[in-house]
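Down below is the structure, laid out as structure tokens.
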2 protein chains.
Amino acid sequence: MQRAEATREASAGTGLTERQGAVLEQALRLLVDGGERALTTAGVARAANCSKESLYKWFGDREGLLSAMIAFQASKVRTLDVSAEALDAASLKAHLVAFARDLLDVLSGEVSLALNRLAIGQASREGSRLGRLLQERGRRPIGRRAGALLEAGRKAGLLAFDDAEEAYGALYGLIVSDWHLRLLLGEETGAMKKDFSRRAERAVDAFLKLYGAKA
Amino acid sequence: MQRAEATREASAGTGLTERQGAVLEQALRLLVDGGERALTTAGVARAANCSKESLYKWFGDREGLLSAMIAFQASKVRTLDVSAEALDAASLKAHLVAFARDLLDVLSGEVSLALNRLAIGQASREGSRLGRLLQERGRRPIGRRAGALLEAGRKAGLLAFDDAEEAYGALYGLIVSDWHLRLLLGEETGAMKKDFSRRAERAVDAFLKLYGAKA
DNA sequence: TCCTATGAGTACCGTACGGTACGGTTCGCA
DNA sequence: TGCGAACCGTACCGTACGGTACTCATAGGA
């Protein structure tokens, strides 16, 4: 069962017991299935066959549990680094398309959507610690991967831009547009999944038209 | 006091009493200030100097109140139609930039952010009726305005695209990128407000480079 | 074999919410 | 002046949650 395997790995990387990882797994399951309202301490304890007392011992309070869920999930998503190979136009485009498809995959994942909904829901009241955590553990690694790829493209003379942040913003916007928000609002994925490749290629084509080095 | 004026207008367009509009105004205020947790029936009643019984009489239940808040807020945002004037390259660009700036203004508005957070938070559990309502009353009018503008540009021979939806998606993505989501997650606006114009122009420049009719 | 730590299961407490019911008051209207 | 509708303020009810405390079972170590 590779689910348990992933749990073990993720637990190891975050200083968590295997048992605690399994509990977080159940908590994520509850969150995905029923939203924040379903994520009660009693519910988690029941679903994970542990006591509420253990939950509070391990995670402090409810927010600690939520934070641990985000960190735990983030530790399961491995962002593969761009290889240091020499880039030509074709391989750059291939890498960009792969990045775009991975991005769409991650953003449309049910766990990602549930955690984003959770963090956004908490963002109103003071702190928005969950939002920051989600940004740092979720978005930043992805941004680093894209940034490295863009930088490599520029070094290879394939891309031309002054502001890497702006170029990445354009790439992100072309790939995602308002699609992420629509998913967060509850719009059905429908048959969209099949369009990931097409959408990724279109976005990358447009991006290269904007930031490609030569005409 | 123009606040009362806006309330009166919005009430008129939605079949609501002026009093009910004022109540919704207070409810929005509560939501903006304290998030969903602050939006309790008792809290609204207290803030608006009305009774809970009246709330239930007017809006049915809590979800009816939330829906009414969305509809009420939407009715206050008037999307100006694109004028039927003849477009040249300069005026098209000006219209696009104005659209981009308006879009950034609306999305970053505190009421808009609060309502989006609310709808996203509710999206997990059944229906996601609020999400759909927010889409139809918020996003669709904006999309119509942009769609008409793009169509006019194409008719004038200034824009070239096959799929208007795709072109609009690119425009939206170039303008907004992941900025809306970051705001929803609680990131501070900071000094961004001042960059709206610059950001709008950059996005429109890129869009025209992609979809402009002639090289 | 005893001792201690860990944790499951459950009972419990205070609080707060959604929704309802009721008494008192204002206001339009005949 | 009397009547009825609308409505405010508040008390109330059932429920459910976060968090704590307590009991019992299990396992490992001296």
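Looking at A:Leu159 and A:Leu92, their side chains come closer than 4.5 Å, going by heavy atoms from C-beta outward. Put simply, the side chain of A:Leu39 reaches to within 4.5 Å of the side chain of A:Leu66, judged on heavy atoms. Side chains of A:Gln20 and A:Phe72 form no contact here, defined as non-hydrogen atoms less than 4.5 Å apart.
We find that B:Arg101 and B:Asp105 are not joined by a salt bridge, their nearest charged nitrogen and carboxylate oxygen being 4.0 Å or further apart.
As rounded to whole Å, 14 Å separates atom P of C:dC17 from atom CG of B:Leu66. For the pair B:Leu55 CG and D:dC7 C1', the interatomic distance rounds to 11 Å; values are reported in whole Å. Residue B:Tyr56 contributes atom OH, which lies 4 Å from atom P of C:dG19 at whole-angstrom precision. Taking atom CG of residue A:Leu39 and atom P of nucleotide D:dA16, one finds them 17 Å apart after rounding to whole Å. What separates CD of A:Gln20 from P of C:dT6 is a distance of 12 Å, to the nearest Å. Remark: P of C:dC27 and CZ of B:Arg19 are 13 Å apart, rounded to the nearest angstrom.
Heavy-atom distances under 4.0 Å link DNA chain C to A:Asn49, A:Cys50, A:Ser51 of residues 42-51 of chain A, given in residue order.
The distance between the ring centers of A:Tyr172 and A:Trp179 does not fall below 6.0 angstrom.
Among the nucleotides C:dG18, C:dT6, D:dT20, the one closest to the side chain of B:Lys52 is C:dG18. Of the candidate nucleotides D:dC7, C:dG19, C:dG7, C:dG7 has the atom lying nearest to any side-chain atom of A:Ser54. For A:Trp58, taking side-chain heavy atoms from C-beta onward, the closest of the listed nucleotides C:dG19, D:dC8, C:dA8 is C:dA8. Listed nucleotides D:dG9, D:dG19, D:dA11 differ in distance to B:Glu53; the shortest reach to its side chain belongs to D:dG9.
Between B:Lys93 and B:Val204, the closest heavy-atom pair is CG-CG1, 4.0 Å.
Place A:Lys57 and B:Arg62 on DNA chain C by their nearest nucleotides, and A:Lys57 ends up nearer the 5' end.
Other residues, nucleotides and ligands contribute more than 12 heavy atoms inside 6.0 Å of the CG atom of B:Asp163.
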